[in-house]
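Presented below is the structure to which this report refers.
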Amino acid sequence: MFWRKRARLGEELEHHVAAETADNVGRGMSPEAARTAALRTVGNVQSAQERARELDPLYWLDTLWQDVRFACRLIGRNRWTSVTIVATLALGIGLNVSVFSLLNGLLLRPWISHEPETVIGVFPRFSGQYQLRFSDGGKISQPDYAFYRDHTKTMRTLAASRFVGGTLSGVEAGTIPIVLVTCNVFAVTGGAPILGRHLTEADCAKEHETPVVVLGEAAWRTRFNADPQIVGRTIYLNRIPFAVVGVAQSFVLLSGSPSVGEVYVPYTMLSTLRPEDDFFADRTAHWLTPLGRRKAEYSLEQVQQEMNVLSAQVDRNAPGRTTSLLITDGSMIQNPGIRRLAPLLIGITLGTATLLLVLGCVNVTTLLLARAAARQREIAVRLSMGADRFRLLRQLVTEGLVLSTAAAGFSFLMAQWTPRALWYSLLKIEPLVDLSPDWRVLGYCVGVALAVGVFASLSPAFESLRPELAQTLKTSGAVTGGQKRSRLRGTLVAVQVALSLLVLMLATFFTQAQRQIVTYHPGFETAQVVGVTLSSVAAGFVPPPSFYAELEARVRAMPGVVGFSYASTAPWAGRSSAAIREIDGRPFPDTRDFRLDPANRRVSPEFFALLGLPMTLGRTLTAADGPEATVISEAMAQRYWPGQNPLGHRFNDGYPHEVVGVSRNVHSLSFLRDDGPIYHSPEKADARHRHVLVRVSGDPQAAAAATRRIVLELDPQMAVTATTLGSLVEEQAERMQPLMLHATLAGTLALVLALSGVYSVVAFSVRQRVRELGIRLALGAQRGDVIWLVVRSGSAPVLAGLVAGLAVAAALFSGLEAILFGLNPRDPLTLAAVALSLFAAALVAIWIPARRASGLDPVSSLRIE
Amino acid sequence: MPDPLPLLQGTLDMLILRTLILGERHGHGIATAIQRSSEEDLLVDHGSLYPALQRLERAGLIKSQWGTSELNRRARFYELTAAGRKKLTAETSKWERMVRAIGRVMQEES
């Protein structure tokens, strides 16, 4: 379209010339003279066209294409620099886009990959005073569910689920996640069964009647070895026989934890599986998590409106209750529980990736600065000849954009497979959700590329256009560092140093955390201790009275066994607590928060000796003690009887307790964290013990296997797991390993980027100051003086960067305490150590070009023109 | 005869609008008309004429169309729009005010 306009103007001017020529001939000139005179009056047609064109708004589109062509030529000329720039940017943008793609798959898209647009998340909330028999937050009752399901017009399918832990007995014994589901749930999750069939409505027809189970794909592969004959076999869930009718493709329900290896059972089997949960049709028991799909012709808002109406109707049967159902698009980030954590997760992952990207950008800016300085002469000449400043700026920025677009192309390729690799390296399992990039990721990639291109080239562009023409032309390109120029370079260095300090600190903390775990001593014996969990008992099974007596006798008879104890909670496997009601006869206020209540554990008297728990006051429990004898921890003594001797004092948590001993503070509840107040009291005589601890003098692994065999001999249907405590510690360390690896990689990358940035800036400024330094040397300066000069000017911004980085670290890292297992992120020793090492490394990077500068031959450097 | 004067800054637009009040003209015709009306006292820079015409057209004060000129060639003809007429009236009164004011100052007894 633009060419047409140009042609049109040309034609118009041609006519003008022709008319003027005719006039001139009329005035008596010869035809040739007439035309020459006419051309002269019109002036340079070209420049007239040019000026007229400039007024056209579409002009810049045409010149943009020119700029791009010119930029490509320039890039081809400086091949090495360009390749470095594109590589740096590709890595930085690629990492950033990959992390975003990971977060996109996890948070912004529903986890169900089949037709994700129609998936609906339903989050119930209740208010008011109403009768409530059972609730564990955000769930609805079965009659309410049936009402919604039968009356909805906007939803294609409304299903519900409930996650319960259960036990699997037989060959592959142990705990297994069981999900109670309405039989239409597979219509929501989509896909076809791998083997056999899905659940049908007939399976959910009546309570108790259809013990069938559909295995999840992951469970089928890991627990049942992908047995192709599994359909039709019977497995025992909670010691009850269930017939396997099919294997379903892997999917992740919005409700339960994304545990791998679930099995699906009709929800009508609730009270069969868990006799204590006999509230299937009870309106006042909230136990189902809804999940659904909307009909394509209805929007999310319409579903929300319908649900508001239906929930009001349902509330009429529950006086005093107000139900509000939040309808979401099924993505994790809309889940109210996840929403709170999302900013932290995004901040750490995307934040680190962005930090690295900014570091890379700053390096690229330095490279572009150097290149711009080399072209200073050319730009100065063009400016002096009247080139439009804005036009030149645009051209320089276009160069940056071309480079960043090329990098973005590579990055998008990277984003095809990097998210999966990231996930796998961190969690060591196949991704549970689809992590491939979609339009959102593409948009983000383009946006980042634009921002990076403009950011990286803007400051060099501004620098190039400064009106110091005369000076530039005189010194023929070697611009002596003016005040403003070196300040920009200094700022760049400071920013790089600050950013890399932050990333290095993160890396250091994760390394420290990992090291802490490997050399971890929780305060009690772990290496020779076997922990046995009787999951069936935990799930509600009551073993015959002789079971425990037999078990203890047989285990003690094993060679090498030196200790045997029961415990109500195993080490690092949960915390139970009770509110204190009275202390020494005086009532104690309710804390209303179970986290503030002291933890408790019921144990056999041998518990303390078995684990080697040291005591500070009094004695441990003995077999002769009554049910009131209790050992409290130091922290508990400190809290409730500060400054006193707690022995002999009493307290009441629903049962009376008398303090007979004080134990040292250890880490028996969670890793790397002190237990706080905790008390141990004797197990009840007829207790159904869930956990057994066995201490052996020989190989603990063999002892674990032998103990497990003994339990299965006594009761083949018992779901039992036996592990050594030492292996639990190793498992934790292994889990931290990939995190530490990633953090170290990031830290190294940041360090390399920052140091190379410092080096290139100092080398560049030395080159600029070649004349000045040569003069100094010629006037008698020593080599040492020159080195000192360069080092001093080079390290000033480094110091500034360190200070800034430390300040930001102190501010930001306070929120990280939770994830760093109690390590203090503001530990001054660590901060100082990291800062000092970074400074030392930077000094080396400065010293190298400084030394080279001092070796300059003054005569030749003065001659450099 | 003394050399013709170059135009005062910013008056070209006004002169173009005035010239078009008598009917449509092409670019060359506008330039010649201005020079003729001023009895050759004003010199129009033909090069800056066309940018001015584009400017006026973009501002909606004149509109153009192709036609055949007296030389039997294709040429672009310009004519005033209603907005252009209004603008001309405004510019004219401003100009007359300016001329009167300057004249008063120049005639002041020192």
Could you go through the side-chain contact (heavy atoms from CB on, under 4.5 Å) check for B:His28 and A:Val17 one step at a time?
CA-CA 8 Å; B:His28 186 260; A:Val17 168; over 6 Å; no
Toward chain B, the part of A:Ala19 with a non-hydrogen atom under 4.5 Å
both
Can we call the ring centroids of A:His15 and B:His26 under 6.0 Å apart?
yes
Neighbour count >12 (heavy atoms, 6.0 Å) for atom CZ, A:Phe70:
yes
A:Glu11 versus B:Arg74, closest heavy-atom pair with distance
OE2-NE, 3.1 Å
Interface moiety of B:Leu43 toward chain A, non-hydrogen atoms closer than 4.5 Å:
neither
Could you state the interatomic distance from OG (B:Ser64) to CD (A:Glu12), rounded to the nearest 0.5 Å?
7.5 Å
